[in-house]
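Written out below as structure tokens is the structure these notes cover.
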Protein chains: 2
Amino acid sequence: MMSTKKKTKDLILDAAEQLFAVRGFYGVSIRQITSKAEVDPALASYHFGKKQDIFEAVMLRRAEILNRERIQMLDDCIRRAKPNPAPLHEIIDAFTHALLNRSNKGGQGWKSYFAIIAQINNHPELGGVIMSQYFDPLAKKFIAAIHENIPNAKAEDLFWCYHFLSGALTLTFSGTERISKLSDGLCASSDLDAVHERLVPFITAGFKAFENN
Amino acid sequence: MMSTKKKTKDLILDAAEQLFAVRGFYGVSIRQITSKAEVDPALASYHFGKKQDIFEAVMLRRAEILNRERIQMLDDCIRRAKPNPAPLHEIIDAFTHALLNRSNKGGQGWKSYFAIIAQINNHPELGGVIMSQYFDPLAKKFIAAIHENIPNAKAEDLFWCYHFLSGALTLTFSGTERISKLSDGLCASSDLDAVHERLVPFITAGFKAFENN
DNA sequence: CAAAAAATTAAACAAGTGTTGAAATATATT
DNA sequence: AATATATTTCAACACTTGTTTAATTTTTTG
């Protein structure tokens, strides 16, 4: 009934994902993608349409999985804490856990995906639509949860703090080459657990700085 | 004696800067650059060589100005505090002030430049060499200064905190469209003073979370 | 002013770009 | 098995890519 032959579409998406992660949207040609996927170039147009549609398909494939997980974690920790507001560090963790966990243990596909997210996040023209559509609603939910925990903070402050969190997360995903170079062997480049351990308290403390404003 | 005719080179760099900022390295062609500069395409090769050399020339033009300022500010605040370690918030400010100030009041050229920095920072293949060469030494100097202020923190922790700071800064530069969309008119998109006011305490608090580890 | 050097122009290069159309093959449905 | 649908192939399209070459103009130098 449905397409039993879904192999090709995913081959293309996998190849595209990996290449986009390294060289960006404009740095990858359809022929490079289909060549890596070992598939005829015309199949890209046949299955997806324009090049930009391939890019968006790559994004959407994992965005839904991710957002479901993150909302679930947020709702869980809110429910656990009721009737009190959820602890700040748990909220931050709910926001970051699914991302860092998959980036760490999700395999190459997820690594590539996050590298693309990092590019998009810093590239308004391409990422604007998708990011707004899929991540901004989530962001508002999280900011609201945090606001219940730090009621005295001004909404504008929290918005900017969220922004800093987003940037810190993003850069973490974007590749480890520079990082490990700078660290001079101080940390293993693939050790994203180390990030998680430090990001949550760092960000939590940053938010709390606006507790009494 | 020296090249009195430096007009063309800068016309090309200006055009390239602006275009790279919006569409990235691979998204811009030499003909687009020279067309915007109102100059013959062959002049790009004549003055700079390969396309990548244009890109690097764009980067270097402002990197030196920036780094000189930042090191100066750091040295100043260290000297002022002697024999005590410089206050943490002053160190953070020295690290961020030149960037945010120029991004805010430096005109379109600086805005474009920072947008490119943001791309590069999240794009190892292109940014690796330049960023390492020009910004990493500065980073080490700052981390060292911070370590004197928070002597009990582990070097690895501080390294990661620096990393988060870098990410937060980077995303701030990358463009304001998404940000203003998410904020729902909560903040003026061009109001980078607002960033500075909040980024410094946010980051300072984050670092201090590792005071007693 | 004449000679030398630097800068600019116009044309061309081979190679790669995204995308399309019609024919051929494989799969699914009746 | 025969028909209809979905997928794959191959070739070609018009266009853009980065870069180079040689001729020409402009600027600097002696």
Side-chain angles (χ1 to χ4, degrees), chain A residues 1-61 116 119-120 123 125-127 129-130, chain B residues 1-61 116 119-120 123 125-127 129-130:
Chain A
M1 14 200 73
M2 341 181 43
S3 60
T4 59
K5 184 81 163 187
K6 65 167 182 178
K7 217 168 9 183
T8 303
K9 283 179 90 164
D10 273 333
L11 283 177
I12 294 176
L13 289 184
D14 289 342
E17 186 173 59
Q18 203 168 333
L19 290 172
F20 284 145
V22 179
R23 331 224 340 162
F25 178 76
Y26 299 106
V28 177
S29 74
I30 287 181
R31 281 175 174 85
Q32 289 172 331
I33 294 172
T34 53
S35 160
K36 187 180 195 77
E38 293 178 298
V39 144
D40 192 275
L43 289 177
S45 305
Y46 174 73
H47 284 289
F48 296 100
K50 311 281 178 196
K51 185 185 177 186
Q52 174 111 19
D53 298 326
I54 303 178
F55 189 79
E56 295 189 4
V58 168
M59 291 287 89
L60 297 191
R61 194 166 53 146
I116 299 176
Q119 287 176 33
I120 276 191
H123 198 299
E125 198 181 55
L126 276 177
V129 185
I130 297 174
Chain B
M1 11 201 72
M2 336 184 46
S3 61
T4 57
K5 184 81 162 188
K6 65 169 183 176
K7 215 169 9 183
T8 303
K9 283 179 89 165
D10 273 332
L11 283 177
I12 294 176
L13 288 184
D14 289 343
E17 186 173 61
Q18 203 168 334
L19 289 172
F20 283 146
V22 180
R23 330 223 343 161
F25 178 77
Y26 300 106
V28 176
S29 74
I30 288 183
R31 282 175 173 84
Q32 288 172 332
I33 294 173
T34 53
S35 160
K36 187 181 194 77
E38 293 178 301
V39 144
D40 191 275
L43 289 177
S45 306
Y46 175 74
H47 284 289
F48 296 99
K50 310 281 178 199
K51 184 185 177 187
Q52 174 110 21
D53 298 327
I54 303 178
F55 189 78
E56 295 189 5
V58 169
M59 292 285 89
L60 298 190
R61 195 166 52 144
I116 299 176
Q119 287 177 31
I120 276 192
H123 198 300
E125 197 182 57
L126 277 177
V129 186
I130 298 174

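Chain identifiers are assigned alphabetically (A, B, ...) following the order of the sequence lines, protein sequences preceding nucleic acid strands; residue numbering begins at 1 within each chain.
The distance between atom OH of B:Tyr46 and atom P of C:dA5, rounded to the nearest whole Å, is 12 Å. Spacing between atom CG of A:Asp40 and atom C1' of C:dT20 amounts to 12 Å, rounded to whole angstrom units.
Between D:dA6 and A:His47, no contact under 4.0 Å exists linking OP1 or OP2 to a side-chain N or O. OP1 or OP2 of D:dT17 has at least one side-chain nitrogen or oxygen of B:Ser29 nearer than 4.0 Å. The shortest distance between the side-chain N/O atoms of A:Ser45 and the OP1/OP2 oxygens of C:dT19 is not below 4.0 Å. Taking 4.0 angstrom as the limit, A:Lys50 places a side-chain polar atom (N or O) nearer than this to OP1 or OP2 of C:dT20. Here B:Lys9 does not reach the OP1 or OP2 of C:dA6: none of its side-chain N or O atoms lies under 4.0 Å away.
Among B:Leu19, B:Ile12, B:Leu11, B:Val28, the single residue meeting the side-chain contact (heavy atoms from CB on, under 4.5 Å) criterion with B:Lys36 is B:Leu19.
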### Message
What verdict does the salt bridge (Lys or Arg N to Asp or Glu O under 4.0 Å) test give for B:Asp14 and B:Arg61, after you've listed the backbone C-alpha separation in whole Å, the side-chain angles of each residue and the deciding distance to 0.1 Å?
### Response
CA-CA 10 Å; B:Asp14 289 343; B:Arg61 195 166 52 144; 2.9 Å; yes
### Nucleotide-level pairing of DNA chain D, given in dot-bracket where Watson-Crick and G-U pairs need both distances under 3.5 Å and | marks other strands
|||||||||||||||||||||||||||..|
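If you check distances only, the side chain of A:Arg31 never reaches the base of C:dG16 with a donor-acceptor pair under 3.5 Å.
With C:dT9, D:dT9, D:dG18 as the choices, the nucleotide that has an atom nearest any side-chain atom of A:Leu43 turns out to be D:dT9.
Nucleic acid contact for B:Ala42: base, since at least one base atom lies under 4.0 Å from a heavy atom of the residue.
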